[in-house]
Amino acid sequence: MKNKAKFTGFFFILPSLMGVSVFVLIPFGDVIRRSFTEAVSGIWVGFANYQTIFNNAAFLLAGKNTLRFVGICIPVLIGLSLFIAVFLQKQLKYGGILKTVYLVPMAVPIASVVLMWKVLFDPNGLVNGLLAKLDLTATGWMNSKYAFWILVFSYLWKNLGYDIVLWVAGLSAIPDTIYEAARVDGAGEWACFTKITLPNLLPSLYTIAVLSFLNSFKVFREAYLVAGDYPNDSMYLLQHLFSNWFRELSLDKMAAGAVVTSIIIFIMILLLQRAWDMEK
Amino acid sequence: MRKKIIFIFLILGGLLACYPIFFLLSGSIMGDGELKNYLKPILAKGGGFASWSVLPEYPTLKSYVQLLLDAPQFFIMFWNSVKLTVGILLGQLLVGVLAAWGFAKFEFPFKRVIFTAYIVLMMMPFQVTMLSNYLVLDRMHLMDSHLAVILPGIFSTFPVFIMYRFFASVPDAVIESAKLDGASSVQLFFYIGLPLGSAGIISAMVLGFLEYWNLIEQPLTFLKDKTLWPLSLYLPNIGLDKAGIALAASAVTLIPAFLVFFGGQDYLEQGIVAAAIKE
Amino acid sequence: MKLGGKKILSCLLAASLLATAVTGCAGEDKGDSDKKSDKSAMGRYLEEEYPLPPGVMDIAALQKLEDGNTLRMAATNQETKERGIWDSLDNGRTWEMKSVFPENIRSVDKVNVLSTAISPKGQVSAAYGSVQEEESQLGIEYINWNLETGEKLLPIKAPQEQMLSVLGIYAGGEKAKNTMQNQIMTLQYTSNGELLGSDSMGSAYLIDDNSGELLKTFQIEGSFIQQFQAVGNKLIALTEKDVQIFDLQSGDPLERDDILNEQFNGKKDAEGNSEVAVRFGGGTTGVLLSTGSEENSMYFCNDKGIYRHLLGGTVVEQMVNGSLNSLGNPSIALISMQSLNNNDFLVAVSDEEGVSKLLNYHYSKDTPSVPDLELKVYALNNNQGIRQAIALFQKENPDIFVNFEVGLTGDDAVTAADALRTLNTNMMAGKGPDVLILDGMPIESYIDKGLLSDLTNVIDASSKEVKFFEHVKNSYEIDGKIFAIPTRFGAPAIQGDEETVASSTDLKALAEQLEKLKAANPDNKYIINDEEAKSILKKLYYANSPAWIQKNGTLSEEALKEFLTLAKRIYDVNDHTNDDNAENLTSSFTVSVKGGSSIGLEGMGNGSMQIMTENILFNLGIMNSPSELSDIVSAKKAIGNGSYGWMPGQSQKVFVPMTSVGINSKSKQTESAEKFISGLLSTETQKSSQGSGFPINQAAFQEIIANPFEEGSVSLGFISSEEGDQKQMEYIWPTEEEFQQLKAELDTLDTPAVTDEIIKDCVIEQGTNCLNGGQSVDDAVKNIMQKVNLYLAE
């Protein structure tokens, strides 16, 4: 079938492709065009905007922070959720309930999350109150380097449940028979994990990594509503910069920054795909 | 022993995860006086620290009454949210399912390129294409109507990605045998793809619901007429000085999200299960 | 099989595409047809101001008489200081004086008339105050007269079941708690000529206008009728909660009218409380009612326009669009409306100076219902001055419709940055506003990017007619071109004893002088006028900010550190030990997000008053109107020693540009936009809207310094101190010389304050935390530098 009806599949994706072209692809093409022009006048400037942003301290800082954020969050999230998933899978009785509990943060509206942040991390907030009771010194959380870690924490809090479920799904797809066979051969728990569980989970890793990556962009709105346009240096992300550039009408710089970002994302996706294909 | 310790830690983690819900619910039934009392150190920037109690001293539904009875725009916005979310999800159902099936079970030229492009586009922050999107919608005379939010939402590539993973897990053997029985592509889609994949479709819908129920930037940019605005725009910025109403509003917003979430949770998990299984 | 399958598939695809296309088209069609109907529709009510008889400044009542031809008006002639009755036989165009008020209530100076009512039959009734010296209480008497037969007193007695204890009425300056009799306070006639009145207890009555007997009572248990108006055979009463309707004949309450309730109680804050008390007439939130021509029909008039409504119905039809004429002007107050036999509406209003005006609305079927040209004006924050200017412009240019859009209304989740992004998107798409009120916007960036048109021609043309404050005019000048111009400005100033003012030469000296004052007056809890760190910083910010900007555009860390150190010393001269700010929750959280600020609150007036009462010794503020000089000279007179000067700071001679405007260079209506800008700079517009900054136009400055008080009289104010003492304050108006000196001084101000919102918000937010002791000066400086450097690096 695959060879004979070469275009059948194409018909299936056609409505989607047309819509995506109009509402996503064309706008993105427009962004690429704008990255080579001046913002308001529309004069062609070649690669000047790219030159500008690579000499722009704010872009470099935001890029560095974003990479750092993604580089820390995603491995930690994936590792932590895998650990919990492996554990929960064996806890048949309470595992289901706990899994649900961890999923709850996904449904909490941003407004409530923001309100929580403010109450918790204000200089006169709950966390400092707790610290004061323990005779520790209070900190201005959002104005310190801790701001970055609060952001990381918020991301983990919101997405942990999602990734746990993803892992549990992958785990449940590994047939019990393989484990039984291994145990018969005298393999210990750790050996089972490294020799059977991990290799079998690798295909799930691709989906989980892409989704975790996608969700890492969504933490911005919370960060913005809590700490404003100019947060502490450590949590100043690319989206802050894009958003500020837009406000100042520096659309040329924003377009160039966006193109660079999407090239990096593209490369990362390709690498992930490559890794995944090799596993297959 | 070690397991017990881990288990206790996990329960603590679970409580941490749910803490905002307790916070929200208890705050929403607190009286103004009690709320102000707790939050005073933050609001007044004086000495001392804020405190909180999970059980209000004098529970009251005043905040809810104020919100539901005295703010008629709340209902309009609630209804707008429903319209936007349902509109987008129905559209995704129509367009996205077809596309996911197409990507998952057919080979055609440039498939790999197009699908990778879908994933990269899925990752773009909204601000980046905001202006260009605006220009397209404006050209189509869609500005300032719900369609300006719904149409681009329908063609989000995210559900295609989610559903692709799971359609791909429908075993080729099943399809081959159906084909041997003389089933057409369309029959295959309807009689094998859809039933075997319903869980995955629902999981994409649940994720979509959570996403679009909290949509902020798009309606803000594309809807000038405030009577068209969804609930998410009523919520995010209510200051701490109006914490009672903010918390009650959050709680009300949470309800549909929770209903959908718990209703669809089994499917969500199944769907994700299917998505994660190796091809 | 396969072929069939494909067909079905393509049908399915086609269907899905079609569905999208159809919905898409539906939206499009709707938009287009709307536009068309707007364009082609003809017919609009045009406003015309009818002249009042010479000397008439104050309209008390206006009534169409039952013969249908005569309009009768009760008003005051400010020249003769007498009240009188005027008639018009040409629907209000010209007036003829018929008579004066009866002898005992004729003189404006001697008697206070509380309420005047004219019956459709031509009779006049009035309630007036008569002060009986020995009882030291306010008595109200009633009089009724007919132009032909003369007057008679009406002995109306309101029920006295309860006695009222009225606070706030003082006799002879002494605090006295008086009881007051329940009395009828307002009078009104129904369209049948029956007299109605309402008392101070919240009930309304039908009154026999011969005997003064109360015939019928309208009241709602537990509700207080604040105002009422008769429409046809109904009495429409506004209580503190809602709108109640009574049948005039039976006195029974009728069914609630949702539309009216919506109109009257529509303005609520986020918590559902009525933010503003809506009144029948008076103030910007006023509503006027009038009987319509058909059964149950009525008209109501508010700042949005004049509407027709059938009582009990669900439909409201807009007759007159208030945004196209003076009704939309926020400074006018409504007095009375009559729907005339020629289908015109005649509305009596009073302007910001309290002078009455008669506005006639006549239907012109040849005028497009909405003007062809639309000029879009955009501001981040609401601006009353701009609204006034628009109403003036609208009146002079009926062919242009000015659409004023405000980005931040405060009742939704939109942040300043969100609003700016939406604005930028609109402008880049060529759909943006034509005129921008630039306060709170990235002005420099807009100029750099070429988004603002050069205004030099407009300004030069205006300069030929009037003289501007030159430095203010050139605030945003680049290479001889002006891309944005402040229409108003403020001046950071200080006020106190002569020695302290003279010795405060810079910020450091100011801090030292204030500390010296504190040392000399250790018993004073307050030395300066502000308790809150935030408002002190706001005031100090302007006079110091220009000194922080270095040549390379970055902030000077040293200057900033000096500023915060000295600001903290200034803040500390007040005793903050007992501050309990919990009640004035300033919600400092929203600052970083909301942005945009108004300057109105940071003026000098309140501080001057506190100097007068010797609560404080020194006043800091942003001087922004001539009446503040009045406060200053009054304070000087009161305490015997006083002076004022420009705020000494790290910079000197600073002014604050306010309500800056510019034209979107992508606007297709440049001509109208330029017309609008010259309108904003014109003397007529500039002289109105006081309190939101000095006018940049010097001719307007000259006009607003005219003494509003009568020659030789003094204006008195009272203030209660914390101990409950009453203090009397005498306000005097500065002399012409004092004003000319102020003007000359204002002309020397040559340094614009840094109005960049990002820098300002950041310094004030971090600084507030620092002054309150939340962080050290070093930390605050570090945080500010970090954030601002990020901003500047972008």
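Here is how names work: the chains are called A, B, and so on, in the same order as the sequence lines, proteins then strands, and each is numbered from 1.
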### Query
Taking the six-membered ring for Trp, are the ring centroids of Phe12(A) and Phe189(B) within less than 6.0 Å of each other?
yes

### Message
Is Leu137(B) close to chain A through its backbone or its side chain, or both, or neither, when contacts mean heavy atoms under 4.5 Å?
### Response
side chain

### Task
Could you tell me how the ring of Phe155(B) sits relative to the ring of Phe23(A): parallel (under 30°), tilted (30 to 60°) or perpendicular (over 60°)?
parallel

### Task
Measure distances from Phe110(B) to the heavy atoms of chain A and classify the residue's part below 4.5 Å as side chain, backbone, both or neither.
neither

### Task
Dump the intermediate steps for side-chain contact (heavy atoms from CB on, under 4.5 Å) on Leu98(B) and Ile13(A), then the final yes or no.
CA-CA 6 Å; Leu98(B) 283 177; Ile13(A) 69 156; over 6 Å; no

### Message
With rounding to the nearest 0.5 angstrom, report the CD1 to CZ distance, Ile114(B) to Phe10(A).
### Response
5.5 Å

### Summary
Pair count under 4.5 Å, heavy atoms only, with chain A: among Tyr118(B), Tyr19(B), Phe258(B), highest is Tyr118(B)

### Atom pair OG1/CD of Thr116(B) and Gln273(A) - distance to nearest 0.5 Å
4.0 Å

### Message
Using 0.5 Å steps for rounding, measure from the OG atom of Ser262(A) to the CG atom of Leu121(B).
### Response
8.5 Å

### Message
At a 4.5 Å cut-off on heavy atoms, which part of Arg139(B) comes close to chain A: side chain, backbone, both, or neither?
### Response
neither

### side-chain contact (heavy atoms from CB on, under 4.5 Å) between Phe106(B) and Phe11(A), intermediate numbers included
CA-CA 10 Å; Phe106(B) 295 93; Phe11(A) 282 118; over 6 Å; no

### Task
Please look at Leu16(B) and chain A and tell me whether the side chain, the backbone, both or neither of the residue comes under 4.5 angstrom of a heavy atom of that chain.
both

### Query
Can you find a pair of side-chain heavy atoms, one from Asp30(A) and one from Thr129(B), that are under 4.5 Å apart?
no

### Query
Out of Gln92(B), Lys111(B), Met122(B), which one racks up the most heavy-atom pairs below 4.5 Å with chain A?
Met122(B)

### Query
Which one, Ile265(A), Val104(A), Val20(A), leads in non-hydrogen pairs under 4.5 Å with chain B?
Val20(A)

### Message
What's the separation between atom CG in Leu103(A) and atom SG in Cys18(B), rounded to the nearest 0.5 Å?
### Response
10.0 Å

## Note on the structure
Looking only at Leu160(A), Leu211(A), Val113(A), most heavy-atom pairs under 4.5 Å shared with chain B are made by Leu211(A)

### Task
Go through Phe126(B), Phe9(B), Trp101(B), Trp213(B) and name the one with the most non-hydrogen pairs under 4.5 angstrom from chain A.
Trp101(B)

#### Entry: Which atoms of Tyr134(B) approach chain A - backbone, side chain, both or neither, heavy atom under 4.5 Å
neither

### Summary
Under 4.5 Å to a heavy atom of chain B? For Phe266(A) that would be both

### Message
Is Phe158(B) in contact with chain A via its backbone, its side chain, both, or neither, using a 4.5 Å heavy-atom distance?
### Response
side chain

### Query
Given a strict heavy-atom distance threshold of 4.5 Å, which part of Leu270(A) is in contact with chain B: side chain, backbone, both, or neither?
side chain

### Message
Which atoms of Leu10(B) are under 4.5 Å from chain A, going by heavy atoms: the side chain, the backbone, both sets, or neither?
### Response
both

### Task
Under 4.5 Å heavy-atom distance to chain B, tell me which part of Leu98(A) shows up: side chain, backbone, both or neither.
side chain

### Message
Test side-chain contact (heavy atoms from CB on, under 4.5 Å) on Thr157(B) and Val24(A); report intermediate values, then the result.
### Response
CA-CA 9 Å; Thr157(B) 52; Val24(A) 190; 5.6 Å; no

### Query
Considering all heavy atoms of both residues, which atom of Ala99(B) and which atom of Ser16(A) are nearest to each other, and what is their separation?
CB-CB, 3.4 Å

### Query
Between Val31(A) and Ser132(B), what is the shortest heavy-atom contact and its length?
CG2-OG, 3.5 Å

### Summary
Cut-off 4.5 Å, heavy atoms of chain B, and the answer for Leu214(A) is both

## Note on the structure
When rounded to the nearest 0.5 Å, the distance separating CE of Met123(B) from OG of Ser216(A) is 8.0 Å

### Task
Among Leu238(A), Leu126(A), Thr261(A), Leu25(A), single out the residue with the greatest number of heavy-atom pairs under 4.5 Å to chain B.
Leu126(A)

### Message
If I compare all heavy atoms of Val136(B) with all of Pro27(A), which pair ends up nearest, and what's the gap?
### Response
CG2-CG, 4.1 Å

### Query
Checking heavy atoms, do the side chain of Phe103(B), its backbone, both or neither come under 4.5 Å from chain A?
both

### Task
Please look at Phe209(B) and chain A and tell me whether the side chain, the backbone, both or neither of the residue comes under 4.5 angstrom of a heavy atom of that chain.
neither

### Message
Which atoms of Phe28(A) are under 4.5 Å from chain B, going by heavy atoms: the side chain, the backbone, both sets, or neither?
### Response
both

### Query
chain B heavy atoms under 4.5 Å from Val22(A): which part of the residue, side chain, backbone, both or neither?
both

### Among the listed options Val97(B), Asn133(B), Ile21(B), the residue most often paired with chain A at heavy-atom distances under 4.5 Å
Asn133(B)

### Task
Tell me, for Leu17(A) versus chain B, whether the close heavy atoms (under 4.5 Å) come from the side chain, the backbone, both or neither.
both

### Summary
If one checks every heavy atom of Lys158(A) against chain B at 4.5 Å, the contacting part turns out to be neither

### Task
Look up atom CG in Leu131(B) and atom CZ in Arg34(A), then write down how far apart they are to the nearest 0.5 Å.
4.5 Å

